[in-house]
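Scroll down for the structure; my scribbles are underneath it.
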2 protein chains.
Amino acid sequence: MSVPLHYVVKTRLVELIEQLGEGSGLPPERVLAKDFGVSRWTMRQAIRELIADGRLRARQGQGTFVATPKIVQPLALVSYTEALRAQGHVPAREVVKFDEIPADDVLAEQLAIAPGDPVFELERVLFADEQPIGLETTYLSVARFPTLREVLDATGSLYRCLTGQFGVQFGEGEELVETVIASPREAELLKATQQLPMLLLHRQTRDTDGRTIEVVRSLYRGDRVGFRATLRP
Amino acid sequence: MSVPLHYVVKTRLVELIEQLGEGSGLPPERVLAKDFGVSRWTMRQAIRELIADGRLRARQGQGTFVATPKIVQPLALVSYTEALRAQGHVPAREVVKFDEIPADDVLAEQLAIAPGDPVFELERVLFADEQPIGLETTYLSVARFPTLREVLDATGSLYRCLTGQFGVQFGEGEELVETVIASPREAELLKATQQLPMLLLHRQTRDTDGRTIEVVRSLYRGDRVGFRATLRP
DNA sequence: AAGTGGTCTAGACCACTCC
DNA sequence: GAGTGGTCTAGACCACTTG
């Protein structure tokens, strides 16, 4: 019993997955559970792990399928669009929210403005090959970029807009990476199942004068995305 | 019903957590479930999410407790020991395995040796403040570092040993970050509960001649650790 | 309407820790 | 032994997709 039953089931499912090809459908949970001689709950534990690992993919009402490999994104100050294209994927963005909100204390300090000052909150879903893979929320000072709403093609590159229209010079940035569980709203926007581990990136980019340009919170589907960083000595 | 019950419970548990202090004990699951008017399974879903988020911490036979904040590690070619000390934590390592194994095809290609050539497999549990936070498995060519077993203090810094004893000059490295679910063995070594999301880092470091020095697979507890990267334009 | 995955219940037993 | 979290069962109903 030291090895849980659902892990034994997971191991056997991996063999099954490797026999089937990418995109193949698995038998229904209830059938698999009966075949393996376990309860549906135990089977779902195993399937849930394989979904989190990016090996399987479940679609309600349709079935469970063998997943395609994860997409690897660079952990760097580069364009989402270009990075994705470079790997043969089709990038897309969809604006969920583009509001002006008052800065809370934390945000105000990060952006070096006063609490209550207006900031843009731009929330966009990132797609790769028409699949949602991330949810990016960007905060920018309205005072610094007053005409942003007019000059930004909200489905286009924000970085290109900032450099091209506002003459911003990007300097160093800092990014924090951690795992979290998405809220129901976030899971729904990403068309992901509940309880799925996500990669949360918190980014602050500064210009060459050291002033913070933007604060970004990016939530990526842990089952679909990984990141690559280049290490320097 | 669009918001799952376990998420409502999770939200209420967060309020409870914020009232209690770090390290405080929560009532037993069965009691909480009864108090909240839900089944134990639903309560455990909520608790499981909070554990994954790093807000709670469960110890079998003892209870569930409010967790301390995550430790943030640098994503760079720096000493584990020094990085941890710099943040006021007490680092430690424990050797789990130090074997010579034949390289499989993938490893051989990565290390630029022939398949079957011997490689060291050094597996160590990383501790912070006496808590296991990561499991690091390092692969090195035996031919290149034949006396490694004699000259390495296995609980000390491998990097210091390689530079000091073998004159290695570290150049660029590459690191992949993704989320995975730990195997039972890995979970046990990390004293983590099953099903917990982990951060898996796959690193290859090269010397200044571009030769790969080591291949490293690091598995960190997603509930205890985050990473910080510096972005350059 | 039928079949799929998603959520939830009630209850059982196991494994571990502490008294 | 008592109490805790960890695993597992059987079964129900909901939500979604397809025919």
Side-chain angles (χ1 to χ4, degrees), chain A residues 1-13 24-52 55-67 181-185 187-188 190-196 223, chain B residues 1-13 24-52 55-67 181-185 187-188 190-196 223:
Chain A
M1 174 63 118
S2 79
V3 173
L5 184 53
H6 64 78
Y7 190 75
V8 177
V9 172
K10 181 182 178 182
T11 306
R12 290 179 58 190
L13 276 179
S24 304
L26 265 68
E29 292 173 354
R30 290 163 177 83
V31 173
L32 282 171
K34 207 181 165 205
D35 286 355
F36 282 55
V38 299
S39 71
R40 194 182 157 206
W41 182 89
T42 303
M43 181 54 67
R44 278 181 63 77
Q45 293 293 320
I47 290 174
R48 180 214 290 259
E49 286 198 28
L50 287 164
I51 289 173
R55 305 292 302 265
L56 288 179
R57 169 159 211 169
R59 284 195 283 259
Q60 190 170 170
Q62 292 185 40
T64 308
F65 305 86
V66 180
I181 306 295
S183 71
R185 173 179 179 271
E188 197 185 342
L190 294 174
K191 293 196 172 60
T193 62
Q194 305 276 348
Q195 310 265 74
L196 191 71
D223 61 335
Chain B
M1 174 64 119
S2 79
V3 173
L5 184 53
H6 64 79
Y7 190 75
V8 177
V9 172
K10 180 182 178 182
T11 306
R12 291 179 59 191
L13 275 180
S24 304
L26 265 68
E29 292 174 354
R30 290 163 177 84
V31 174
L32 283 171
K34 206 181 166 205
D35 287 354
F36 282 54
V38 298
S39 71
R40 195 184 156 205
W41 183 88
T42 302
M43 180 55 67
R44 278 180 63 77
Q45 293 294 318
I47 290 173
R48 179 216 289 260
E49 286 199 28
L50 287 164
I51 289 172
R55 306 291 302 266
L56 289 180
R57 171 158 209 169
R59 283 194 284 259
Q60 190 169 169
Q62 293 184 39
T64 308
F65 305 86
V66 180
I181 307 294
S183 70
R185 172 178 179 271
E188 198 187 341
L190 293 174
K191 293 196 172 58
T193 62
Q194 304 277 346
Q195 309 266 72
L196 191 72
D223 61 335

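Keep in mind that this is a model prediction, so the values were computed, not measured. Every chain is numbered from 1, with letters handed out A, B, ... down the list of sequences.
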Original post:
Is any side-chain nitrogen or oxygen of A:Thr64 closer than 4.0 Å to OP1 or OP2 of C:dG5?
Top reply: yes
**OP:** On DNA chain D, check which nucleotide each of A:Gln60 and A:His6 is closest to and give me the residue with the more 5' one.
**Re:** A:His6
**OP:** In whole angstrom, give the distance that lies between atom NZ of A:Lys191 and atom P of D:dC16.
**Re:** 13 Å
Original post:
From B:Trp41 CH2 over to B:Leu5 CG, what is the distance, rounded to the nearest 0.5 angstrom?
Top reply: 9.5 Å
Subject >> Atom-pair distance (CZ on B:Phe36; C1' on C:dC8), nearest Å >> reply: 17 Å
Original post:
Rounded to the Å, how far apart are A:Gln195 CD and C:dG5 C1'?
Top reply: 14 Å
Original post:
From A:Asp223 CG over to A:Leu190 CG, what is the distance, rounded to the nearest 0.5 angstrom?
Top reply: 9.5 Å
Original post:
Where along residues 39-51 of chain B does a heavy atom fall under 4.0 Å from DNA chain D?
Top reply: B:Arg40, B:Arg44
Subject >> Proximity to DNA chain D (any heavy atom under 4.0 Å), residues of residues 25-34 of chain B only >> reply: B:Pro28, B:Glu29, B:Arg30
**OP:** Could you tell me the separation between the NZ atom of B:Lys10 and the CD1 atom of B:Ile47, rounded to the nearest 0.5 Å?
**Re:** 12.5 Å
Subject >> 5' priority, DNA chain C, between B:Gly61 and B:Tyr7 [closest heavy atom] >> reply: B:Tyr7
Original post:
Of the non-hydrogen atoms in A:His6 and A:Ala46, which two are nearest, and what is the gap between them?
Top reply: O-CB, 3.4 Å
Original post:
Within a reach of under 6.0 Å around CD of B:Glu188, are more than 12 heavy atoms found that belong to other residues, nucleotides or ligands?
Top reply: no
**OP:** Figure out the CD/C1' separation between B:Gln194 and D:dC8, and round it to whole Å.
**Re:** 14 Å
Original post:
Could you state the interatomic distance from CZ (B:Arg12) to CG (B:Asp35), rounded to the nearest 0.5 Å?
Top reply: 9.0 Å
Original post:
Does A:Gln62 make a side-chain N or O approach to OP1 or OP2 of D:dT18 shorter than 4.0 Å?
Top reply: yes
Original post:
Between atom OG1 of A:Thr64 and atom CD of A:Gln62, what is the distance when rounded to the nearest 0.5 Å?
Top reply: 10.5 Å
**OP:** Given side-chain contact (heavy atoms from CB on, under 4.5 Å), test A:Ser24 with A:Phe65 step by step and report yes or no.
**Re:** CA-CA 5 Å; A:Ser24 304; A:Phe65 305 86; over 6 Å; no
**OP:** Please report, rounded to the nearest Å, how far the C1' atom of C:dT17 is from the CZ atom of B:Arg59.
**Re:** 11 Å
Original post:
Can you tell me how far P of C:dT4 sits from CZ of A:Phe65, to the nearest Å?
Top reply: 11 Å
**OP:** To the nearest 0.5 angstrom, please state how far the CG atom of B:Leu32 sits from the CG atom of B:Leu13.
**Re:** 6.0 Å
